[in-house]
Amino acid sequence: NVSVQKSVVGVTEYVGISEGDTIGLVVANVEPMLHEKLGIDKKFRSVGIFSGRTGAGPQIMAADEAVKATNTEIVSIELPRDTKGGAGHGSLIIFGAEDVSDARRAIEVALKDLRRTFGDVYANDAGHLEFQYTARASYACNKAFNAPVGRAFGLIVGAPAGIGFVMSDAALKAAEVDLIDYLSPTKGLSLTNEVVITFTGDSGAVRQALIAARTIGKKLLGAMGAEPKSATTPYI
Amino acid sequence: NVSVQKSVVGVTEYVGISEGDTIGLVVANVEPMLHEKLGIDKKFRSVGIFSGRTGAGPQIMAADEAVKATNTEIVSIELPRDTKGGAGHGSLIIFGAEDVSDARRAIEVALKDLRRTFGDVYANDAGHLEFQYTARASYACNKAFNAPVGRAFGLIVGAPAGIGFVMSDAALKAAEVDLIDYLSPTKGLSLTNEVVITFTGDSGAVRQALIAARTIGKKLLGAMGAEPKSATTPYI
Amino acid sequence: NVSVQKSVVGVTEYVGISEGDTIGLVVANVEPMLHEKLGIDKKFRSVGIFSGRTGAGPQIMAADEAVKATNTEIVSIELPRDTKGGAGHGSLIIFGAEDVSDARRAIEVALKDLRRTFGDVYANDAGHLEFQYTARASYACNKAFNAPVGRAFGLIVGAPAGIGFVMSDAALKAAEVDLIDYLSPTKGLSLTNEVVITFTGDSGAVRQALIAARTIGKKLLGAMGAEPKSATTPYI
């Protein structure tokens with residue numbers, strides 16, 4: 001995806017587009033009736049909007065970097081059932097800011113980082129795998145996944161869900177990590193066909209667990225269809 | 001879509017098909033065990049069924065015209081997560097009638113009106129936009145959206161959800177309307193990747209808000225893919 | 001789908017693949033933290049995993065045969081919203097076993113039986129129909145559908161939902177069966193665009209109801225698109 005220039009689009013609110021049919025937008029002064037329905041802190045007159053058809057993990061990890069780098073807060077994360085006919089989520093992440101320039105900066109950082117966070121997403125016609133890692137979780141990971149702020153954090157997603165289960169088991173056996181949560185289609189996910197685990201621990205152990213899961217996951221999903229390929233460039 | 005003749009289908013219950021993979025059906029005397037599970041008023045021995053894969057707004061607006069024009073009631077509106085792999089809803093709308101001819105007439109009216117109500121649905125590979133307007137809301141709009149019966153009513157839908165948010169903000173700033181509700185993927189929607197607003201007001205203001213949203217929405221969705229085109233012919 | 005040999009996949013947990021993008025897996029000793037999150041009986045140190053993108057009914061019926069034939073229990077059945085962009089469910093079924101050889105055998109039986117249970121699944125671009133029959137329901141049908149164990153059981157699914165409604169009405173009028181449940185998009189289903197009924201009765205009556213529904217369903221879905229074809233070979 002090549003980002004379309006704002007001048008071409010001709011809409012003040014437009015910031016850019018990125019992987020996963022994701023659009024980044026800002027509203028400088030949210031209309032009062034709408035602001036009230038959002039139920040967010042009054043001080044955030046500006047919002048940044050990070051909205052994708054395909055992917056929740058990549059967008060949440062990119063939002064995590066954005067919130068670290070800017071004077072913004074994550075005010076809501078909602079996960080529709082989407083992926084454009086695939087087995088997973090889309091995402092709608094709203095940043096609150098007192099100043100529109102902060103909201104815009106957060107969206108710019110997130111859009112750019114999304115190329116990286118799609119690096120360990122692997123898909124074929126039968127399903128998808130996703131691996132995310134951060135050495136230091138921040139507020140987006142905390143809000144979405146209860147990740148302890150400041151600690152290493154890992155996320156494993158597999159679809160169809162059974163592959164997620166086996167990857168999760170392999171990851172937890174491969175390294176000494178602390179399981180935060182186990183999510184399945186009707187328990188914590190938006191009816192997606194996924195099993196997800198989230199975990200924390202020493203950064204080396206978190207990476208080791210992720211790599212073990214990735215090895216087995218690529219073999220299993222590959223048995224169901226074409227070789228699963230990275231959406232961009234692996235980073236773990 | 002060309003409607004298939006009932007004589008060709010050879011099923012008494014068949015009325016016709018229309019836009020959005022929508023089928024219209026009637027049952028003259030609902031089987032008693034099924035009738036009881038539906039939990040509808042006993043006087044409605046006949047039902048009309050309006051069932052679509054793609055679209056909820058267009059079908060609800062068409063059902064609104066049908067209920068105005070016939071001696072029927074809307075007994076249920078359910079919104080599956082569908083759109084055939086897209087970001088939105090499908091719909092299942094059931095009309096109750098004391099006489100099968102009334103149920104059939106309601107479905108005929110709704111099937112025909114659906115070509116009109118798909119007029120301000122715009123889609124491309126990245127998402128969709130929808131705008132609906134009525135000068136006088138009736139019982140389907142009331143049941144589905146809490147629209148005040150007899151008043152002008154507007155509906156704005158955008159997918160991915162972030163586009164719906166920015167269109168909503170623009171609409172509410174463009175005209176003096178009263179916001180009824182703000183719906184997002186996990187709040188009032190069936191996990192669709194949409195933001196929806198509903199509003200009422202003077203008919204001129206409602207139209208003005210819709211036109212403002214449509215202008216900005218088409219630019220934003222167009223930045224993500226091909227130019228969004230009307231499914232049939234715009235009516236607003 | 002041709003099952004890929006385990007030796008080629010190179011993962012101990014892999015059992016095989018089958019219809020509906022379904023993968024069968026086993027874990028001999030579930031990792032303790034994961035086992036605890038699953039909340040299953042401690043005696044089941046082994047699990048069998050039966051995970052499909054397309055279909056819930058076929059997988060549940062195949063699991064029902066597997067649980068009859070092996071020393072296993074069904075510990076959970078979850079139904080994601082899936083079918084790869086279609087109108088229905090996917091499935092995640094977990095078998096518990098004290099011994100991994102039992103878990104593996106259950107998955108083998110289920111994978112093989114899935115070719116049969118996809119026999120009365122009919123689809124085209126507009127939707128799908130499904131009919132299932134067993135002369136003697138077991139624990140998977142009981143867990144998923146409240147089917148009385150040991151009795152004949154029938155299941156009818158139609159998408160778009162309106163077709164399911166009319167088929168259900170026809171089935172209940174065609175034979176003396178007892179309706180167990182009526183499920184619709186937001187009532188008992190995972191927001192799928194389906195109407196489902198489940199019923200029990202004499203085995204002849206259950207079959208008669210299914211055949212009546214199939215006759216009308218194929219005509220209605222055929223009016224919306226191409227002639228609906230069986231996914232494998234009809235068995236009812």
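Every chain is numbered from 1 and lettered A, B, ... according to where its sequence line falls, protein lines coming before strand lines. Hydrogens, waters and symmetry mates are skipped; everything else that's a heavy atom, side chains included, is used.
In this structure, the portions of B/V30 lying under 4.5 Å from any heavy atom of chain C include both its backbone and its side chain. Of the atoms belonging to C/K84, not a single heavy atom falls under 4.5 Å from chain B. For C/I163, the parts lying near chain B are the backbone and the side chain together; criterion is any non-hydrogen pair under 4.5 Å.
Two residues are said to be in side-chain contact when any heavy atoms from C-beta on lie closer than 4.5 Å; C/T186 and B/L79 fail this criterion. Looking only at side-chain heavy atoms (C-beta outward), B/H89 and C/N193 stay at 4.5 Å or farther from each other. Residues B/L92 and C/V195 are in side-chain contact: their nearest non-hydrogen atoms beyond the backbone lie under 4.5 Å apart. The side-chain heavy atoms of B/L34 and C/K173, taken from C-beta on, include no pair separated by under 4.5 Å.
Atom CG of B/D181 is surrounded by more than 12 heavy atoms from other residues, nucleotides or ligands within 6.0 Å. The number of heavy atoms from other shown groups lying within 6.0 Å of CZ (C/R214) is above 12. More than 12 heavy atoms of other residues, nucleotides or ligands shown are found within 6.0 angstrom of CG on B/D41.
Of all non-hydrogen atoms in B/M33 and C/L172, the two that sit nearest each other are CE-CD2, 4.0 Å. A pairwise comparison of heavy atoms in C/P160 and B/S51 identifies CB-OG, 3.5 Å as the closest pair. Closest of all the heavy-atom pairs between B/G10 and C/K219 is O-NZ, 4.0 Å. Among all heavy-atom pairs drawn from C/I180 and B/K37, the shortest one is O-NZ, 3.2 Å. Nearest heavy atoms, B/D82 versus C/A87: OD2-CB, 3.8 Å.
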>> Under the criterion side chain to side chain contact (heavy atoms under 4.5 Å, CB included), I'd like the reasoning laid out for B/E36 against C/L179: C-alpha separation, chi angles, the key distance, then a yes or no.
In response: CA-CA 11 Å; B/E36 194 181 322; C/L179 182 62; over 6 Å; no
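Ranked by heavy-atom pairs under 4.5 Å with chain B, the list C/G85, C/S184, C/P185, C/G225 is led by C/P185. Of the residues considered (B/S190, B/G90, B/S91), B/S190 shows the highest number of contacts with chain C, using heavy-atom pairs under 4.5 Å. Looking only at heavy-atom pairs under 4.5 Å with chain B, the residue among C/D125, C/D178, C/L189 that has the most is C/D125. Top candidate by heavy-atom pairs under 4.5 Å with chain C, chosen from B/V26, B/L191, B/L38, is B/L38.
Contacts with chain B (heavy atom to heavy atom, under 4.5 Å) involve no residue of residues 204-213 of chain C.
For the atom pair CZ (B/R53) and CE (C/M224), the distance works out to 8.0 Å, reported to the nearest 0.5 Å. Between C/L220 atom CG and B/I17 atom CD1 the span is 11.0 Å, to the nearest 0.5 Å.
The stretch residues 135-183 of chain C participates, sequence neighbours left out, in these ring pair (Phe, Tyr, Trp, His ring centres under 6.0 Å) pairs: C/F145-C/F153.
Here the side chain of B/R81 pairs no donor or acceptor atom with the backbone of C/T192 at under 3.5 angstrom.
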